[in-house]
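Computed over heavy atoms, backbone and side chain alike; hydrogens, waters and symmetry mates excluded.
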Amino acid sequence: MTVETAAEPVLELGGIQRTYLTGEVEVSALSDVNLRVERGEYVSIVGPSGSGKSTLLNILGLLDRPTGGSYRFEGVEVAGLDENTRTAIRGRRIGFVFQAFHLLSHRSVAENVGLSMLYTGVPAKERDERAREALAAVGLGHRADFTPTRLSGGERQRVAIARAIVAEPAVLLADEPTGNLDSKTSAAILELFDELRAGGLTIVMITHDNSVAARADRSVRIRDGRLTELGAGAHAAEQLEAGA
């Protein structure tokens, strides 16, 4: 998959805040979060349970709104857009991969992948063709007419990845994508992410696993709702190993 070059970063957060009211107590889930992800980057965001990872993912994926700060997506300020516009951007420009595969057991693999384009105006025949191309790209072209119940866990996650990339999104958001998989299957899925990154896809991966985070070009740690840049390559891997 190729991605057009552009001057604007795909994602740019500036001073993002997210607070919740628990009874009469205000709880801060994210505090002064700044993050810039360039087109074609592979960034991991690593942190333990309760660190703010899920809140950050929901904001990045336009599933939630910040209570303060700026969020520019492909150069457009999206925090204050109406819900219909946000939904359209989310459907066309953001791909999601979750720990749970969220596949429909009564639909074929190709139908599951094609459903992500159902509300984007793509004709049925083209949806099927593109779904099969995406499945071939993740090594599952020969499983297109199977149902998910006939697939292994690793194959189901590959279907979920195909569904996420079929519309050629600007960014793939992956939330603990290897969390339900054994070590061998996890390694195969991470290799697939490496291939997608090499093809130019922008990836942001949320994980609690330092070894998974270290696969990215660049790593950021989240703790108590704040981000700390760990850097790139071996430097980030060393900090992750040390628990920095």
Side-chain angles (χ1 to χ4, degrees), residues 1 42-54 56-58 60-61 95-113 115-116 131-132 134-166 169 171-199 201-223 230 233-234 236-244:
M1 179 181 297
Y42 181 1
V43 178
S44 63
I45 300 173
V46 60
S49 177
S51 61
K53 298 194 307 296
S54 295
L56 180 56
L57 178 80
N58 288 339
L60 290 175
F96 293 90
V97 178
F98 298 100
Q99 181 174 343
F101 315 126
H102 300 305
L103 302 177
L104 299 178
S105 61
H106 62 286
R107 297 274 193 168
S108 73
V109 165
E111 287 173 330
N112 268 279
V113 174
L115 283 172
S116 66
R132 291 173 186 274
L135 286 165
V138 300
L140 281 183
H142 60 301
R143 296 283 196 261
D145 297 314
F146 283 33
T147 57
T149 56
R150 298 178 62 189
L151 303 182
S152 68
E155 288 175 328
R156 292 182 193 185
Q157 192 61 294
R158 285 177 180 268
V159 174
I161 293 169
R163 181 183 57 198
I165 66 173
V166 67
V171 62
L172 177 65
L173 300 179
D175 184 17
E176 303 282 4
T178 61
N180 283 339
L181 305 175
D182 60 52
S183 58
K184 182 178 179 181
T185 307
S186 295
I189 293 298
L190 291 174
E191 287 175 6
L192 176 57
F193 278 109
D194 291 343
E195 292 171 9
L196 294 172
R197 161 64 182 85
L201 182 62
T202 306
I203 301 173
V204 177
M205 180 182 294
I206 308 285
T207 182
H208 71 278
D209 189 326
N210 289 343
S211 64
V212 172
R215 297 289 290 259
D217 301 325
R218 174 175 140 233
S219 295
V220 178
R221 184 177 293 283
I222 185 167
R223 181 177 289 159
L230 300 181
E238 289 172 2
Q239 291 192 75
L240 287 166
E241 183 67 25

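- We find the CG-CZ distance between N180 and F101 to be 5.5 Å, quoted to the nearest 0.5 Å.
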Checklist line | Candidate pair M205 and L190, rule side-chain contact (heavy atoms from CB on, under 4.5 Å), full reasoning | finding: CA-CA 11 Å; M205 180 182 294; L190 291 174; 4.0 Å; yes
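- Side chain of E155 to main chain of L140: no donor-acceptor pair is present (N/O by atom type, distance under 3.5 Å, no hydrogens or angles).
- Taking CG from D217 and CZ from R197, the interatomic distance works out to 4.0 Å, rounded to the nearest 0.5 Å.
- Between N210 and R221 the shortest side-chain heavy-atom distance falls below 4.5 Å.
- Smallest separation of non-hydrogen atoms from L104 and L115: CD1-CD1, 3.5 Å.
- Residues meeting the salt bridge (charged side-chain N to carboxylate O under 4.0 Å, His left out) test with E176, sequence neighbours left out: none.
- Considering only heavy atoms from C-beta on, H102 comes within 4.5 Å of R163 through its side chain.
- Within the model, atoms CZ of R107 and CG of N112 stand 8.0 Å from one another, a figure rounded to the nearest 0.5 Å.
- When each of I189, V159, I165 is tested with V138 by the rule side-chain contact (heavy atoms from CB on, under 4.5 Å), just one qualifies, namely I165.
- Distance alone, capped at 3.5 Å, is enough to place a donor-acceptor pair between the R156 side chain and the P148 backbone.
- Sorted by first and then second residue, the salt bridge (charged side-chain N to carboxylate O under 4.0 Å, His left out) pairs with a member in residues 182-192 form an empty list; sequence neighbours excluded.
- Counting only heavy atoms from C-beta outward, the side chains of F193 and I161 approach each other to under 4.5 Å.
- The side-chain heavy atoms of S49 and H208, taken from C-beta on, include no pair separated by under 4.5 Å.
- Between A131 and A110 the shortest heavy-atom distance is CB-O, 3.5 Å.
- In this structure a side-chain-to-backbone donor-acceptor pair under 3.5 Å is present from S44 to A213.
- Checked by atom type and distance alone, the side chain of T149 never pairs as donor or acceptor with a backbone atom of S105 at under 3.5 Å.
- Atoms OG and CZ, on S108 and R150 in that order, are 11.5 Å from each other to the nearest 0.5 Å.
- The salt bridge (charged side-chain N to carboxylate O under 4.0 Å, His left out) search around R132 returns D128, D145, not counting sequence neighbours.
- The shortest distance between side-chain heavy atoms of L60 and V204 falls below 4.5 Å.
- Taking the six-membered ring for Trp and thresholds of 30 and 60 degrees, F96 and F98 have nearly parallel ring planes, at less than 30 degrees apart.
- Note that CG of L201 and CD of E195 are 12.5 Å apart. Values are rounded to the nearest 0.5 Å.
- Taking each heavy atom of A160 and V97 in turn, the nearest pair found is O-CG2, 4.1 Å.
- In this structure, the side chain of K53 does not engage the main chain of T207 through any donor-acceptor pair within 3.5 Å.
- Atom CD1 of I203 and atom CG of D194 lie 8.0 Å apart (nearest 0.5 Å).
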